[in-house]
Amino acid sequence: MSVDVEDYYHAEVFAGVVDRSRWDSYASRVEGNTRRLLELLAALDVHGTFFVLGWVADRFPALVREIAAGGHELGCHSYWHRLIYQLEPAEFREDTRRAKDVIEQASGQPVHGYRAPTYSVTDRSTWALEILAELGFSYDSSIFPIHHDRYGMPDAPRAPFRFQTPSGWMTEFPITTFRVGGHNLPVGGGGYLRLLPSLYTELGLHRVRREGLPIVVYIHPWEIDPEQPRLPGSWTSHLRHYTNLSKMFERFKDLLQAGNYTSFQESGLADTAKEFDFYARNGHSNQ
Ligand SMILES: [Zn+2]
């Protein structure tokens with residue numbers, strides 16, 4: 001179970017109308033919303049991995065300490081929430097190093113895991129995984145094996161896998177999908193959990209379990225906040241961001257109660273990840 005700890009104005013759908021240099025001018029709601037999630041998890045006795053945006057950790061170090069005090073794992077969600085495939089490797093390295101440092105300073109815990117903003121580890125940015133290994137990360141959970149306009153690596157493995165980068169071993173936990181008619185469909189996280197009917201989620205997760213695959217679910221604190229200020233944007237952005245905010249808390253609670261979820265670290269799943277020749281796959285797909 002994972003939480004991408006960011007505020008409503010950090011979401012990629014608003015990147016065109018919200019300037020990064022003005023983030024400080026928006027009314028922040030990330031503390032209250034994250035605390036609500038922490039209370040829910042405490043009540044259900046569930047531990048999760050919280051991939052915190054470095055910018056948030058910089059401004060709310062007490063929140064990072066509360067997450068750690070709840071027995072949860074801290075992970076990194078970049079510093080500036082930029083799409084990796086739009087960055088130069090040097091920019092990515094600097095952003096990641098800064099975020100990891102801020103989160104570790106605030107929590108007093110080492111950070112082992114990374115979740116890319118908007119799942120932006122794609123065929124254009126696989127170089128990022130090598131840099132993660134170089135910076136001391138042992139796993140990543142950013143590859144979404146689906147077709148999508150902004151992210152996705154449709155032919156990536158759907159089960160956790162590990163591979164050797166020039167800087168060391170890296171384990172990947174792909175975001176959960178299930179198979180229908182030869183296609184991978186996303187299920188159980190964020191907008192998919194919020195926007196699609198509960199029956200879809202139940203069916204999809206049932207299929208994943210039947211295959212014996214571990215399930216990676218995720219949520220953003222702003223997704224349980226129907227009171228958040230409305231931002232300008234296209235109607236499609238609004239549909240994606242604001243639909244079912246009032247239903248999400250209960251949906252997420254139901255999801256957690258129907259499964260056996262924990263943090264990546266406590267799951268022990270890294271030990272079960274199969275070795276996979278990731279670079280050979282990329283070499284092949286680039287030809
Ligand atoms: Zn994010």
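In this chain, numbering begins with 1 at the start of the sequence shown. FYI, side chains are in, hydrogens and waters are out, and symmetry mates aren't considered; it's all heavy atoms of this structure. Each ligand, and each atom within it, is numbered from 1 in the order the structure gives. What you see is a predicted model, and the numbers here were worked out from it, not measured in a lab.
- For H81, the nearest N, O or S atom to the Zn ion (ligand 1) falls under 2.8 Å.
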Where do F144 and V216 land on the side chain to side chain contact (heavy atoms under 4.5 Å, CB included) test, with the steps shown first?
CA-CA 11 Å; F144 218 142; V216 176; over 6 Å; no
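- H81 pairs in a side-chain hydrogen bond (donor to acceptor under 3.5 Å, both in side chains) with only one of the listed residues (R20, H10, E6), which is E6.
- When the N, O or S atoms of E6 are ranked by distance to the Zn ion (ligand 1), OE1 comes first.
- The one candidate from Y192, F173, Y119 that meets the ring pair (Phe, Tyr, Trp, His ring centres under 6.0 Å) condition with Y218 is Y119.
- Put simply, H10 stays out of reach of the Zn ion (ligand 1), with no N, O or S atom under 2.8 Å from it.
- The NE2 atom of H72 lies 12.5 Å from the OG atom of S2; values are rounded to the nearest 0.5 Å.
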